[in-house]
Participant: 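Dropping the structure in here first, questions after.
Numbering starts at 1 and runs along the sequence shown. Worth knowing before you read on, the calculation uses all heavy atoms, side chains too, and leaves out hydrogens, waters and symmetry mates.
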Amino acid sequence: MQSNDARMLLRTAVPTAAVGVIAVVAGAVLGGGKGALGAAVGVLLVIVFMGMGLAVLQRTAKSLPHLFQAMGLMLYTAQLLLMLVFVAVFKDTTLFNPKAFAATLVASTLVWIAAQARAHMKAKILYVEPDQAETSRPRAAESAT
């Protein structure tokens, strides 16, 4: 993983984890131990799924840049559908509070997406590789000057 990829992951995971801590505390206050557990499972699920998605997206950007936008749209759609499946599967569970789980899942996902958008806007990622620009410059233009 390159340093800018690690920085992107850090800038998205930290705000999501902070929201997760707040959600766990709120879940504990409102729902007891099961509420805290539901919130913890929700935020961990978001961090794992979205983190893996970010890693896949960065790898796609490096190896298949022409598929980057389509892959991003497909990946986010798949992640949100997978989250919806988890909410549907665990809606009647007695292991943890499903309302705390669902609320934390939604809140953490929104924070992750917002933090990822902000981190991407703040990143200084080159559009053109400097080495490639130097080697692809035509020599005839240099000799004419």
Participant: Determine, using the 4.5 Å side-chain heavy-atom cutoff (strictly less than), whether V41 and M83 are members of one ILVMFWY cluster.
Facilitator: yes
Participant: If every non-hydrogen atom of T12 is compared with every non-hydrogen atom of T16, which pair is closest and at what distance?
Facilitator: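 Reported closest heavy-atom pair: O-OG1, 2.8 Å.
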Participant: For F96, check ring pair (Phe, Tyr, Trp, His ring centres under 6.0 Å) against everything at least two apart and list the hits.
Facilitator: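 For F96 the ring pair (Phe, Tyr, Trp, His ring centres under 6.0 Å) partners, ignoring immediate neighbours, are F90, F101.
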Participant: Mind checking whether V87 and L81 sit in one hydrophobic cluster, side chains of I, L, V, M, F, W, Y counted as touching below 4.5 Å?
Facilitator: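 No, V87 and L81 fall in different hydrophobic clusters.
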Participant: Within this structure, what is the CZ-CG distance for the pair R7 and L9, rounded to the nearest 0.5 Å?
Facilitator: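 With rounding to 0.5 Å, CZ (R7) is 12.0 Å from CG (L9).
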Participant: Quick one: are V43 and V19 in side-chain contact, heavy atoms under 4.5 Å?
Facilitator: no
Participant: Do L64 and M71 come within less than 4.5 Å of each other through their side chains, counting heavy atoms only?
Facilitator: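 They are not in contact (no side-chain heavy atoms under 4.5 Å apart), so the answer is no.
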Participant: Write out all pairs satisfying side-chain hydrogen bond (donor to acceptor under 3.5 Å, both in side chains) with one or both partners inside residues 63-75, taking only residues at least two apart or from two chains.
Facilitator: none
Participant: V89, L95: one ILVMFWY side-chain cluster at the under-4.5 Å cut-off?
Facilitator: yes
Participant: Could you note down all residue pairs passing side-chain hydrogen bond (donor to acceptor under 3.5 Å, both in side chains) where residues 82-96 supplies at least one of them, sequence neighbours left out?
Facilitator: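 Qualifying pairs, neighbours excluded: none.
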Participant: For residues G35 and A100, report the shortest heavy-atom separation together with the two atoms involved.
Facilitator: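 Distance-wise, the nearest heavy atoms are O-CB, 3.5 Å.
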Participant: If you look at every heavy atom in A39 and A23, which pair is closest and at what distance?
Facilitator: CB-O, 3.5 Å
Participant: Quick one: CG on L105 to CZ on F86, what's the gap to the nearest 0.5 Å?
Facilitator: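 Atom-to-atom, L105:CG and F86:CZ are 9.5 Å apart.
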Participant: Kindly work out whether a path of hydrophobic side-chain contacts (I/L/V/M/F/W/Y, heavy atoms less than 4.5 Å apart) joins L10 to L54.
Facilitator: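 No, L10 does not connect to L54 through the hydrophobic network.
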Participant: For the CG atom of L57 and the CG atom of L73, what is their distance to the nearest 0.5 Å?
Facilitator: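 If we round to the nearest 0.5 Å, L57:CG and L73:CG are 9.5 Å apart.
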Participant: Under the side chain to side chain donor-acceptor pair (under 3.5 Å) test, which residues partner Q79, sequence neighbours left out?
Facilitator: none
Participant: Would you say V24 and I47 are hydrophobically clustered, going by side-chain heavy atoms of ILVMFWY under 4.5 Å?
Facilitator: no
Participant: List, by chain and then residue number, the residues other than L110 in its hydrophobic cluster (Ile/Leu/Val/Met/Phe/Trp/Tyr, side-chain heavy atoms under 4.5 Å); write none if there are no others.
Facilitator: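 Listed partners: V106.
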Participant: Rounded to the nearest 0.5 Å, how far does CG of L80 lie from CE of M50?
Facilitator: 5.5 Å
Participant: If a pair satisfies side-chain hydrogen bond (donor to acceptor under 3.5 Å, both in side chains) and one of its residues is in residues 95-116, list it, with sequence neighbours excluded.
Facilitator: Y76-Q116, W112-Q116
